[in-house]
There are 2 protein chains.
Amino acid sequence: MNSPRRDPLQALHPLDLQQRVPFNPQARVCMDCGVRRFALFGVLDAEELQHIHYHIADITLEPGQPLYMASDHGTAAYTVREGVVRLERSSERGERRIVRLAGRSSLVGLEAMLGQTYAADAVACTTVRACRLPRMLVDELAREQPGLLRDLMKRWQGALDEADEWLTELSAGSARWRMLRLLLKLTEYDEPDGRIWLPTRQEMGAMLGMTIETASRLVSALKREGVIDTPDVRHARIDMPALLEAIRLEAAG
Amino acid sequence: MNSPRRDPLQALHPLDLQQRVPFNPQARVCMDCGVRRFALFGVLDAEELQHIHYHIADITLEPGQPLYMASDHGTAAYTVREGVVRLERSSERGERRIVRLAGRSSLVGLEAMLGQTYAADAVACTTVRACRLPRMLVDELAREQPGLLRDLMKRWQGALDEADEWLTELSAGSARWRMLRLLLKLTEYDEPDGRIWLPTRQEMGAMLGMTIETASRLVSALKREGVIDTPDVRHARIDMPALLEAIRLEAAG
DNA sequence: CGAAAACTTGATTAGCATCAAACCAGGTGG
DNA sequence: CCACCTGGTTTGATGCTAATCAAGTTTTCG
């Protein structure tokens, strides 16, 4: 069900050699995409990708720029190819709360596939590269390849699991516990060199339901304890055994 | 797309009169179900209901009895027909946290449709009546009637919205704010006579991330203030204007 | 370089947890 | 029928955690 073997060193693109289908520039771009295997179109093979008749915009965002806003009438979902996106809502108290993060190969804005408005604001935390998948495109591909629907449902369930985890591990317990769990979660979005993105104190506060002062104190303490090290202000290196031990202690204490 | 007109006073059942299809006892039960219109099979018409070849068990649970456990290998989803079910997980600290409630016409255990284990324990809070929908049945009906898949996806999105709301309104802010928001949420599960189910202090604590003592103090205070009245220990009557006013004040203060 | 933004640190306070004890309703069995 | 027990609830006294208020310090950027 997955893509045919590929050889990046080959001079001619395998699509042209192995398949007698008209050349489709969008399909080639998707075939070459580093996250395709883990992204929504991972279930589609080269032939099926040829059927893409819509433009898939490649979007780049700088930190703080929105991918979409909750009020928008959604017409597309987005696959995150690089960087971290935060999904945030404002509570009726007027506070902003980050309810989830999305990293490499995550699909956000699924609700647009149902013709609904977005359920949250999606804002870039780091430099973000994303693909815009118009609803019409997904509908069309889903008709031809029902496996895509199953994948979509799995992603919904994945988002739900994520939300439940935030409720149980990131929204309850002592401030220190929540911070430790956040650092553990951030390792899921680590970069090739092993460093992780370190959110602003504001963002940490919005994720963990604490003030920026408390977040700052906790980060400082963990630096002193050697659990994390911050080569630069927006990145950290984690001493994983120390982090796990700290979590274990916090759960016991 | 929806069900044909029905007249409950008619002596002969409309299925027999209007449709030349073999009689199917399960289909008749479903046609007569009070929540069908709002439940998963609301998108199916009488004819399509005839295609049900699986037994849909009718389940009754007393408070505290589990519908399923998180470790179970899920083979069915459940439509709640009456009562309130809580979805709860235990955190790695060993605490139990209620992450969502499901009432009349909610569908729980959707993840079983993907062949996964359940993501949480589902436990009856009140006397609960539910229908067990085997995965095979849903798969089969979805093949014949793709509209069902869309409905399923809407329910996933609905659960996600619910989870996000719990994160923003029920897991952050002062203890009083969270309690007031919980009471507001509980009005969604109100009974015909306008009373609402009042959870145990334990349950309130597990939903709002507070101790049973704090929950008890808050409930007592709200009774003194006249925001709620408790005709019996497991039910409350809410003075809605007073509740909304209290919420407004708490958001401002 | 200077201003703004983000972060850190300290002192004080408010809110909630904890510990402890009484209270109450509903069953059970003598 | 009442004494008794049990599990849930309420209330009080005390202490700790994290919010708040208030300066500083560092970083960023025009």
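Note on naming: letters A, B, ... go to the chains in the order of the sequence lines (proteins, then strands), and numbering restarts at 1 for each one.
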Mind checking what makes side-chain contact (heavy atoms from CB on, under 4.5 Å) contact with Ala39(B), not counting sequence neighbours?
Val35(B), Thr79(B)
If the condition is side-chain contact (heavy atoms from CB on, under 4.5 Å), which residues does Thr214(B) pass it with, not counting sequence neighbours?
Ala175(B), Met210(B), Thr211(B), Leu218(B)
Please tabulate, for side-chain N and O atoms in residues 126-133 of chain B, each donor-acceptor pair with protein atoms closer than 3.5 Å (sequence neighbours left out).
residue, atom, partner, partner atom, Å
Thr126(B), OG1, Val84(B), N, 3.0
Thr127(B), OG1, Glu62(B), OE1, 3.2
Arg132(B), NH2, Thr75(B), OG1, 3.0

Closest heavy-atom pair, Gly115(B) versus Arg135(B), reported as atoms and distance to 0.1 Å, is CA-NH1, 3.5 Å
Could you go over nucleotides 17-20 of chain D and give all protein N or O partners under 3.5 Å, atom names and distances?
residue, atom, partner, partner atom, Å
dA18(D), OP1, Ala175(A), N, 2.6
dA19(D), OP2, Thr211(A), OG1, 3.2
dA19(D), OP2, Thr214(A), OG1, 2.4
dT20(D), O4, Arg217(A), NH2, 2.9

Need one value for Ser216(B): base, sugar-phosphate or nothing, where a base atom within 4.0 Å counts as base even if backbone is also close, heavy atoms only.
base
For Asp190(A), check side-chain contact (heavy atoms from CB on, under 4.5 Å) against everything at least two apart and list the hits.
Ile196(A)
ring-ring contact (aromatic ring centres under 6.0 Å, His included): pairs with one or both residues in residues 212-245 of chain A, sequence neighbours excluded:
none
Chain A reaches DNA chain C, atoms under 4.0 Å from its heavy atoms, from dC7(C) to dA11(C)
Minimal non-hydrogen separation, Ile56(A) against Cys30(A), with atom names
CD1-SG, 3.9 Å
Whole-Å distance, Gln202(B) CD to dT10(D) P, equals 13 Å
Among Arg100(B), Arg86(B), Arg96(B), Arg89(B), salt bridge (charged side-chain N to carboxylate O under 4.0 Å, His left out) partner for Asp121(B):
Arg96(B)
Listed pairs, N/O of protein and of nucleotides 23-27 of chain D, under 3.5 Å:
none

Between Val233(B) and Leu198(B) the two heavy atoms that sit nearest each other are O-CD2, 4.0 Å
Bend angle of the helix from dC1(C)-dG30(D) to dG30(C)-dC1(D), from helix axes over five pairs at each end, nearest 10°:
30°
Can you list every pair that meets ring-ring contact (aromatic ring centres under 6.0 Å, His included) and has a residue in residues 82-128 of chain A, with sequence neighbours left out?
Tyr68(A)-Tyr118(A)
Any pair counted as salt bridge (charged side-chain N to carboxylate O under 4.0 Å, His left out), so long as it reaches residues 236-253 of chain A, sequence neighbours left out:
Arg176(A)-Glu250(A), Glu245(A)-Arg248(A)
My understanding is that only residues two or more places apart in sequence, or in another chain, count here; which of them pass side-chain contact (heavy atoms from CB on, under 4.5 Å) with Glu188(B)?
Lys185(B)
State, to 0.1 Å, how close Ala76(B) and Pro134(B) come at their nearest heavy-atom pair, and which atoms those are.
CB-CA, 3.9 Å
